[in-house]
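Below is one structure, written out as structure tokens; comments come after it.
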Amino acid sequence: MDVNRREYEKRWYKALSPEQMEARRANARSWYEGLSPQKKKEMNSAKTESKRNKRPPKRKKMSVEELRISHKENEQKRRDKMTDEQKKSNAKIVAARQTPEKKYSKKTYMKEWRQSLSSEKKKERYAEERKRISRMSPEKRESIINSYHRKWKKLHPETGRRGCNVRRVRQLNCEGSHTAKEWIDLKEKYEYRCVSCGRGEPEIKITLDHIVPLSKSGTNWIRNIQPLCKSCNSRKKDKTIDYIGALKDAGK
Ligand SMILES: [Zn+2]
């Protein structure tokens, strides 16, 4: 086994029995008692010094007025740090927001600007953002990723339920894929009804069913998918029944 010294010592300590630990502690105590007073003092001061260094510096409490001033100072510092190019682009943004036809808030202006970007530029910005997040502390990173996830879920309400399906498809290593929009379109085509029993939402809940089951090497293409209610889906189990084909035949 290849472990470094520190890891090895850690494991060695863990493997000790309680009696052995107590014996080691007693040994250390007696060694400390035998030291000269001068040496004891030195050791204690070294200990407190290392503790003090580990503690983060205390933050001064500020009044509202002081906070306002420090905020202004920080803002000034930020402005001083800006390059000429950044200043120019900032001025451009401010000017563009105040067009005679429309007065934008900063938020809406930036939203429209982001939408107007080319796909390469978007990818670039996305990579930069990923880098920025990766440098953060784990707790902060998690909270930011969660907030992004929440936003994304709000924008794509259909994909949440599809998530489990995608995971299952990946696990089974199946062929083919379909988008969330294709699935919505399929449901719309059959008026949000179960293609087997004909009951519709909201009486039942439409679930996604593979005509040829994934366990029998069915694909995940949209042509292998039919909307079924929960009870019809569980009745079908892993049989291959094409309800959509049957509907078409009946239509003829
Ligand atoms: Zn049904």
Side-chain angles (χ1 to χ4, degrees), residues 107-108 110-127 129-130 133-134 136 138-252:
K107 207 173 165 186
T108 45
M110 292 311 281
K111 199 176 171 189
E112 283 189 13
W113 175 77
R114 275 198 299 273
Q115 280 166 355
S116 72
L117 289 173
S118 67
S119 59
E120 289 103 60
K121 191 83 190 169
K122 269 183 195 166
K123 266 181 199 165
E124 222 174 81
R125 277 170 59 83
Y126 181 66
E129 182 73 0
R130 280 190 79 121
I133 290 171
S134 73
M136 287 172 179
E139 300 91 46
K140 190 152 190 198
R141 199 185 317 149
E142 203 184 323
S143 82
I144 282 199
I145 290 172
N146 280 348
S147 81
Y148 268 119
H149 198 176
R150 237 175 283 131
K151 258 187 220 167
W152 198 81
K153 260 194 166 173
K154 233 183 203 178
L155 285 172
H156 310 267
E158 254 318 302
T159 41
R161 244 176 289 151
R162 245 181 103 247
C164 326
N165 185 33
V166 166
R167 206 174 304 136
R168 202 171 140 234
V169 166
R170 229 176 261 151
Q171 274 172 1
L172 288 166
N173 211 3
C174 300
E175 187 213 320
S177 67
H178 64 273
T179 62
K181 193 172 177 301
E182 279 176 326
W183 168 231
I184 294 169
D185 287 348
L186 186 73
K187 280 194 288 185
E188 243 172 35
K189 192 179 165 189
Y190 295 101
E191 300 165 337
Y192 293 91
R193 280 173 187 286
C194 167
V195 285
S196 167
C197 62
R199 288 182 297 166
E201 271 184 353
E203 191 192 337
I204 47 110
K205 201 167 182 182
I206 296 286
T207 56
L208 185 151
D209 177 63
H210 292 91
I211 297 171
V212 182
L214 294 176
S215 56
K216 294 190 174 167
S217 65
T219 66
N220 198 32
W221 297 118
I222 194 72
R223 56 176 179 272
N224 190 34
I225 280 163
Q226 55 190 355
L228 286 185
C229 69
K230 253 185 187 171
S231 57
C232 290
N233 201 340
S234 56
R235 205 185 312 129
K236 179 175 172 274
K237 280 183 188 167
D238 59 346
K239 283 173 275 181
T240 302
I241 310 171
D242 186 0
Y243 291 110
I244 290 181
L247 268 184
K248 272 180 195 164
D249 290 342
K252 271 176 194 172

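All residue numbers refer to positions in the sequence shown, counting from 1. Order of listing sets the numbers, starting from 1, for every ligand and every atom in it. Quick note: numbers below take in every heavy atom, side chains included, and nothing from hydrogens, waters or symmetry partners.
- With 3.5 Å as the limit, one finds a donor-acceptor pair spanning the side chains of T207 and N233.
- Within the sub-2.8 Å shell of the Zn ion (ligand 1), the protein contributes these N/O/S atoms: C194 SG, C197 SG, C229 SG, C232 SG.
- Side-chain contact between P227 and W183 is present, with heavy atoms from C-beta onward closer than 4.5 Å.
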Would you please test I133 and Y148 for side chain to side chain contact (heavy atoms under 4.5 Å, CB included) and show each step? CA-CA 12 Å; I133 290 171; Y148 268 119; 3.9 Å; yes

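- Remark: E182 engages H178, T179, I222 in a side chain to side chain contact (heavy atoms under 4.5 Å, CB included) (not counting sequence neighbours).
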Does L247 form a side chain to side chain contact (heavy atoms under 4.5 Å, CB included) with Y190? I'd like the steps, not just the answer. CA-CA 11 Å; L247 268 184; Y190 295 101; 4.1 Å; yes

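- Remark: side-chain polar atoms of K236 are paired, donor with acceptor, to backbone N or O of I211 under 3.5 angstrom.
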